[in-house]
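Written out below as structure tokens is the structure these notes cover.
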Amino acid sequence: MVTEIVSINRSGRFDAQRSRDARKCTVVVVSQRLTPPFRADHVGSLLRPPELLKARRAFADGQISADALRETEDRAIHDVVALQEELGLQAATDGEFRRTSWHMDFIYQLGGITSTDEQLQVAFKDKEGTTSFTSAALRVNDRVHVDETIFADAFTFLKSTATTTVPKLTIPSPSMVHYRGGAAAIDPAVYPDVEEFWSDLSAAYAEEIRRLGALGCTYLQLDDTSLAYLNDPAQRQMIAARGDDAEHQHLRYIKQLNAALASRPEGMTVTTHSCRGNFQSYWAAEGGYDFVAEALFGELDVDGFFLEYDDDRSGGFEPLRFVPKGKMVVLGLVTTKRGLLESKDQLKRRIEEASQYVPLDQLCLSPQCGFSSTVEGNSLSFDDEVAKLRLVVETAHEVWG
């Protein structure tokens with residue numbers, strides 16, 4: 001068992017230097033799994049620090065250069081990796097600090113896909129109201145392919161910064177290229193046969209994954225909201241209204257994901273994360289995993305599933321009965337949508353409930369989603385984020401340690 005000392009200064013910012021003042025707190029490292037996902041893990045995105053947000057605004061206004069922005073990003077990533085290591089996590093991400101959104105920054109770098117002048121609005125809601133996420137719509141106007149390795153520099157820097165943790169890279173799944181616009185976003189002159197689109201898309205992802213493996217990536221997470229959204233009858237109605245096969249869309253997505261992963265590098269652990277939307281603490285869909293569970297858990301060729309289970313919107317644990325032996329389930333029981341801290345006893349009770357459907361040895365613990373799926377971040381503070389990550393580590397140690 002290893003004990004780490006974490007220091008948080010008066011402003012609430014992480015102090016990588018282990019000070020000797022009264023604000024120390026002790027964190028115990030969870031008993032280790034040899035491979036990801038780990039007993040205490042997290043989805044990926046983290047709240048952007050104020051100086052990084054300031055630098056991004058300055059760059060957008062033409063006040064600083066791209067090199068100056070990158071220097072600020074590098075410092076922020078170095079600090080946030082140190083924070084994850086101090087907290088006792090076994091994997092670290094760069095917090096997605098170089099991105100504006102968790103998925104579009106990747107998708108627009110795929111060859112053959114461009115943004116358009118059309119504005120795409122995705123409706124989000126919470127218990128008190130609604131909002132929307134707006135981005136440029138995408139268009140598939142050429143054969144889908146990979147030119148330069150996407151996020152290569154970002155991963156290389158993360159890998160060089162991590163010391164005691166496994167560097168984890170998060171990218172959107174191939175499903176996300178299709179889910180936003182559907183068949184209408186695909187130029188029929190480029191793909192008169194939609195099967196060729198699917199084949200090219202999976203091949204492009206397979207090539208990207210091969211290249212990431214060559215860079216030393218051993219922990220890759222494919223983020224996929226579509227496989228959770230499709231549990232919501234309202235989302236399936238939307239898919240059907242635009243002419244897609246809502247009742248079988250998840251089967252197509254699983255098929256293409258498997259094709260992309262069929263030749264993944266040896267030694268690379270691949271997980272997927274499924275949630276119902278995460279934008280400034282709002283969500284987009286509701287409903288348990290029942291509709292997709294049998295195919296998702298039984299057929300998707302990944303090593304583990306990060307699942308959203310932070311409130312009643314996510315349904316019960318019954319769908320976990322379809323998880324086969326050997327697959328890991330990371331229970332997203334700690335919410336990132338609000339700052340109120342869960343109790344350890346509450347988390348332990350819920351882990352015990354889940355273990356009625358999948359063995360405890362196949363379970364892990366994490367927050368239900370990222371803390372900042374877009375650059376704006378969720379409605380909680382840096383201190384809240386640190387407390388929740390610490391809670392995950394400490395609870396996991398007490399359950400599996």
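Atoms considered below: every heavy atom in the structure, side chains included; atoms not considered: hydrogens, waters and symmetry mates.
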Any chance [atom1] of [X] has more than 12 other-residue heavy atoms, nucleotides or ligands included, within less than 6.0 Å?
{"X": "Glu294", "atom1": "CD", "answer": "no"}
{"X": "Lys344", "atom1": "NZ", "answer": "yes"}
{"X": "His78", "atom1": "NE2", "answer": "no"}
{"X": "Lys327", "atom1": "NZ", "answer": "yes"}
{"X": "Glu352", "atom1": "CD", "answer": "no"}
{"X": "Asp361", "atom1": "CG", "answer": "no"}
{"X": "Glu148", "atom1": "CD", "answer": "no"}
{"X": "Asp312", "atom1": "CG", "answer": "no"}

I'd like to know if [X] and [Y] make a salt bridge, using a cut-off of under 4.0 Å between side-chain N and carboxylate O.
{"X": "Glu195", "Y": "Arg252", "value": "yes"}
{"X": "Glu286", "Y": "Arg276", "value": "no"}
{"X": "Asp74", "Y": "Arg98", "value": "yes"}
{"X": "Asp383", "Y": "Arg390", "value": "no"}
{"X": "Glu376", "Y": "Arg48", "value": "no"}

How far apart are the closest heavy atoms of Pro367 and Leu389, and which atoms are they?
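Residues Pro367 and Leu389, closest heavy atoms: CG-CD2, 4.2 Å.
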Please check if any side-chain donor atom of [X] sits under 3.5 Å from a side-chain acceptor atom of [Y], or the reverse.
{"X": "Gln221", "Y": "Thr170", "value": "no"}
{"X": "Asp224", "Y": "Ser175", "value": "yes"}
{"X": "Ser274", "Y": "Glu308", "value": "no"}
{"X": "Asn231", "Y": "Asp290", "value": "no"}
{"X": "Arg210", "Y": "Thr149", "value": "no"}
{"X": "Gln84", "Y": "Thr165", "value": "no"}

Partners of Asp153 by side chain to side chain contact (heavy atoms under 4.5 Å, CB included), sequence neighbours excluded?
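Applying side chain to side chain contact (heavy atoms under 4.5 Å, CB included) to Asp153 gives Arg70.
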Sequence-distant partners of Gln346, side chain to side chain contact (heavy atoms under 4.5 Å, CB included), two or more places apart:
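With sequence neighbours excluded, Gln346 shows a side chain to side chain contact (heavy atoms under 4.5 Å, CB included) to Glu342, Ser343, Arg349, given in chain and number order.
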Tyr253 and His178 aromatic centres sub-6.0 Å
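Centroid distance Tyr253-His178: below 6.0 Å, so yes.
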Between [X] and [Y] (side chain of the first, backbone of the second, donor and acceptor by atom type, cut-off under 3.5 Å), is there such a pair?
{"X": "Ser45", "Y": "Ser372", "answer": "yes"}
{"X": "Asp310", "Y": "Val334", "answer": "no"}
{"X": "Gln362", "Y": "Pro324", "answer": "yes"}
{"X": "Asn258", "Y": "Glu299", "answer": "yes"}

Restricting to side chain to side chain donor-acceptor pair (under 3.5 Å), what partner residues turn up for Arg236, sequence neighbours left out?
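Scan of Arg236 (side chain to side chain donor-acceptor pair (under 3.5 Å), adjacent residues dropped) gives none.
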ring-ring contact (aromatic ring centres under 6.0 Å, His included) with [X]: which residues, sequence neighbours excluded?
{"X": "His273", "result": "none"}
{"X": "Phe106", "result": "Phe151, Tyr205"}
{"X": "Tyr191", "result": "Phe197"}

Are the side chains of Leu89 and Val393 in contact, using a 4.5 Å heavy-atom criterion?
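Yes. Closest side-chain heavy atoms under 4.5 Å.
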Within-4.5 Å side-chain heavy-atom neighbours: Thr271 and Val330
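Answer no - side chains too far apart.
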Asn141 vs Thr114, test: side-chain hydrogen bond (donor to acceptor under 3.5 Å, both in side chains). Steps then yes/no.
CA-CA 7 Å; Asn141 61 4; Thr114 59; 3.2 Å; yes
Tyr289 ring centre to Arg313 NZ or CZ under 6.0 Å, with the angle to the axis within 45°?
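No, cation not above the ring by the 6.0 Å, 45° rule.
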Is Lys168 close enough and on-axis enough to Phe306, meaning under 6.0 Å and within 45°, for cation-pi?
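The answer is yes; both the distance and angle limits are met.
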In terms of ring plane angle, is the pair Tyr219 and Phe38 parallel, tilted or perpendicular, where the classes change at 30° and 60°?
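Judged by the thresholds at 30° and 60°, the geometry between Tyr219 and Phe38 is perpendicular.
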For the CG atom of Leu220 and the CG atom of Leu261, what is their distance to the nearest 0.5 Å?
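It comes to 8.0 Å.
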Applying side-chain hydrogen bond (donor to acceptor under 3.5 Å, both in side chains), run through His103 and Asp105 and close with a yes or a no.
CA-CA 6 Å; His103 59 328; Asp105 292 60; over 6 Å; no
